[in-house]
Amino acid sequence: MHPDLERLIRLQQLEDAAEQARRVIADEPLRQQEFTARIAALQQTLDDERARLAANQAARRDIEKELAMQQGRLSKFKGQLMEVKTNREYQAMLKEIEVAQHEIGKQEDRLLEQMLEFDEITRHVKDAEQRFNADKAAVEAERKALAGQLTLAQAAMGQVAADRDVLAREITPSVLAMFDKLLRFRKLSAVTPVREGRCSACGVRVRPQTVNELRKNEIIFQCDTCQRVIYYETIAAPATPPDIAQE
Ligand SMILES: [Zn+2]
């Protein structure tokens with residue numbers, strides 16, 4: 001292989017590694033925000049369920065109060081029933097008793113509903129607590145992983161810069177100048193393989209005759225369309241840069 005081509009491929013790998021590292025570092029604050037937002041959303045769900053439970057218990061206390069009041073009225077009317085003098089008073093008292101009993105029945109139904117709802121909300125609260133704890137643990141694990149990625153990325157930035165300096169000095173200056181120019185114009189992608197007869201960056205077909213010429217990678221050849229340096233890929237790639245992929 002052309003020695004400069006081999007170095008250019010390696011240089012591009014270093015650029016890719018540096019770009020990955022830059023992205024990890026740049027994305028870190030946003031990912032921290034996402035973690036915080038996820039925890040806050042879980043906390044909100046849990047708080048909402050707990051508030052529903054508190055409201056249920058407050059409503060139940062109100063019903064119990066109302067029930068006690070109606071029961072008091074009922075026993076008062078029953079006591080008075082013995083003391084009435086006329087049939088008219090007696091009938092009126094019976095009516096009052098009937099009304100009070102009806103009210104008590106209504107409140108007892110409501111109480112039962114509240115109690116069933118209480119069981120349901122209690123289950124929701126427990127589920128929310130479990131989800132909160134599980135997801136919080138997951139977020140913490142992701143946070144830890146991110147901290148690890150960040151450390152790797154910061155180390156990679158330094159290492160890549162050092163490796164690039166060493167490599168750059170070994171490349172023919174005019175070739176290096178072309179690479180640097182391409183790198184700026186082509187958004188960090190200056191060297192790319194030919195895949196299935198096409199430039200893998202711009203996708204334009206490379207003439208079969210050129211593909212044949214590239215087969216031994218003995219020439220430095222630029223894609224007619226995007227100007228990137230293209231090469232034939234079946235060769236064993238030089239040592240890959242450290243893996244600092246984000247995921
Ligand atoms: Zn191209």
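All ligand and atom numbering here is 1-based and tracks the order in the structure. Since this is a predicted model, take the numbers as computed values, not measurements.
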Asks: Ion pair present between Glu6 and Arg10, side-chain N to carboxylate O less than 4.0 angstrom?
Replies: no

Asks: Identify which protein N/O/S atoms are less than 2.8 Å from the Zn ion (ligand 1).
Replies: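 Result, waters dropped: Cys199 SG, Cys202 SG, Cys223 SG, Cys226 SG.
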
Asks: How many angstroms lie between CD in Glu108 and CG in Leu111, if you round to the nearest 0.5 Å?
Replies: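 Going from CD on Glu108 over to CG on Leu111, the span is 8.0 Å.
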
Asks: Any pair with a residue in residues 112-140 that passes salt bridge (charged side-chain N to carboxylate O under 4.0 Å, His left out), sequence neighbours left out, goes on the list, sorted by first then second residue, please.
Replies: Arg50-Glu129

Asks: Under the salt bridge (charged side-chain N to carboxylate O under 4.0 Å, His left out) rule, collect the residues that match up with Arg205, sequence neighbours excluded.
Replies: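 Per chain and number, Arg205 pairs via salt bridge (charged side-chain N to carboxylate O under 4.0 Å, His left out) with no residue.
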
Asks: State whether the number of non-hydrogen atoms from other residues, nucleotides or ligands found under 6.0 Å of Gln209 atom CD is greater than 12.
Replies: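 No - once you tally the heavy atoms of other residues, nucleotides and ligands closer than 6.0 Å, there are 12 at most.
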
Asks: Other than Leu53, what residues sit in its cluster of Ile, Leu, Val, Met, Phe, Trp and Tyr side chains whose heavy atoms are under 4.5 Å apart, directly or through others?
Replies: Phe118, Ile121, Val125

